[in-house]
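Read through the structure below, which is laid out as structure tokens, and then see the notes.
As the structure lists them, so they are numbered: ligands from 1, and atoms in each ligand from 1. One is the number of the first residue; the rest follow in order along the sequence. For clarity, every value in this text was computed on a predicted model and none was experimentally measured. Side chains are part of it too, since the values below use all heavy atoms of this structure and drop only hydrogens, waters and symmetry mates.
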Amino acid sequence: KIKLKHGSHREGKRTDAIMQKWRGNGLGQFIHWGLYAIPGGEWNGKQYNGAAEWIRSWNEMPKPAYDSLIYKFNPVNFNADQWAAIAKDMGARYVTITTKHHDGFCLWPSKYTSYTVANSPWKKDIMKPLVDAYDKAGIDVILYFSIMDWNHPGWRYDIKTRADSIAFEGFKKFTRNQLIELLTMYPKAKGLWFDGTWDKSWIKQAKFADELEAEMRKLRPGLIIGSRFRADEYGKRHFDSNNVLMGDYEQGWERKLPNTIADVHGNDWDCVMTIPENQWGYNKAWKGHIKTSTELIEMTAKAVSLGGNFVLNFGPKGDGSIRDQEKRLALEIGDWMKVNNEAIYNCGYSGLEKQDWGYSTKKTRIDKIYMVVFNIPVSGAYRVKLPAKTAIAKSYLLADQNQVLKVEEVHTNEYFVYANPASQSKPFVIVLETKKKERSGENNYDKAK
Ligand SMILES: COc1ccc([C@@H]2N[C@@H](C)[C@@H](O)[C@H]2O)cc1
């Protein structure tokens, strides 16, 4: 092991109640909202083919033109309770909200810069009504914060000269001040989701970032901070030089999911996902493949089956309203979650071998396994292999618990569960209540039991 001063300060999963709640959330909502929602991926009648929240980096859009969008920020249709209701109806149990994206525009009235809502026509704080609305809806709030800040004069991509170094020292103080300010103004926030930490300038700040993380955790005991915040003194990110996870959960799954349990290295993690291929901020033109609710439900089940959370992104429009396609998807996912959320909330890796019909999840600390089915076998038989000494006490459809299902042990600890789902066009869940195997002879079940 390499001696590290600024590596990870904890090995293994956090076991406290706040993290256990986070771990059991299963499904979250991401909100990307800011000045970039006003142009919505378009400028002077031309479409930017990158991600809409990156339009400032487009040569076709003069930086001053972007920066003066602050004078157009007046979201007359902004309604925090409506956003929270959409998340609630979808079945999200936490939300991650952009307080400040890379452009540096602050959705809260920060004392440390003038580039905030306070100096827009809107004038009012956006974060407070959002935090309060989601909290009232029983949805935990995580604050997204971009370290990289294109608006701050002290930001540097790398530190090459003494002048860079002096400027960046000012930037570091500014960053610390804003983070302490956010934690102080919004004490209900359960965690921070950092982004914009890949440039050399920040990677070189191992000591500063380590001390800042310690200061934030002291100010807010139990605060949840992911692996993307800081690098160790050798510049290693997400995993330190001894390959130990930085922070409380892995933030490496952006627009992609792990495939097997080996990919998640026994850590907590979240996957953040866009509905189109790659748009976080509102884009007028949703080009390419727009994911369906069934695809998104499958990603949610896959994430939970591998011990993580699935966080689906919404990009509200410049006027504060949510686009119809996003509202419809949230309702469709919510309809499924209303019936099947027992297989998602407070569930995790089942330890069972992956089968073709879909993903299995296991209720934490309870002998219940959920077979979340996406591929219906023509045989009507759903194969499941259980660990030795484990038997199936009972099996039924989650959506209709009176329908006890026939189970047949076809090989030692390998069973066929027979089910005919009500609908062939929607994912459904088979529940297995397991128990210790008393004696070897117990191998056939008939429907009546
Ligand atoms: C260099 O590539 C990227 C890709 C996406 C991002 C940001 N992370 C996502 C969560 C969005 O905020 C996106 O703008 C930043 C840099």
**Request:** Give a yes/no verdict on whether any heavy atom in Asp195 is under 4.0 Å from an atom of ligand 1.
**Result:** yes
**Request:** With heavy atoms of Trp198 as the reference, note each atom of ligand 1 found under 4.0 Å away.
**Result:**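 The list of qualifying atoms is 15 (C), 16 (C).
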**Item:** Option from Ile142, Leu192, Ile18 for which side-chain contact (heavy atoms from CB on, under 4.5 Å) with Leu223 holds
**Value:**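 Result: among Ile142, Leu192, Ile18, Leu192 is the only option passing the side-chain contact (heavy atoms from CB on, under 4.5 Å) with Leu223.
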**Message:** How far is atom 14 (O) of ligand 1 from the closest protein heavy atom, and which atom is that?
**Reply:**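 Nearest protein contact, heavy atoms only, for atom 14 (O) of ligand 1 is Glu53 OE2, 2.7 Å.
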**Asked** Are the side chains of Leu69 and Phe73 in touch, meaning some heavy atoms are under 4.5 Å apart?
**Response** no
**Request:** State, with a plain yes or no, whether a side-chain heavy atom of Met185 is found less than 4.5 Å away from one of Trp108.
**Result:** yes
**Asked** Any protein heavy atom sitting closer than 4.0 Å to atom 2 (O) of ligand 1?
**Response**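 No, there is none.
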**Asked** More than 12 non-hydrogen atoms from neighbouring residues, nucleotides or ligands closer than 6.0 Å to CD on Glu215, yes or no?
**Response** yes
**Complete:** Output for pair (Ile147 CD1, Trp155 CH2), nearest 0.5 Å, gives 8.0 Å
Say whether [X], considering both its backbone and side-chain N or O atoms, lies within less than 3.5 Å of an N or O atom on ligand 1.
X: Glu254; result: yes
X: Trp54; result: yes
X: Arg228; result: no

**Asked** Are Lys188 and Asp132 ion-paired here, with the side-chain N under 4.0 Å from a carboxylate O?
**Response** yes
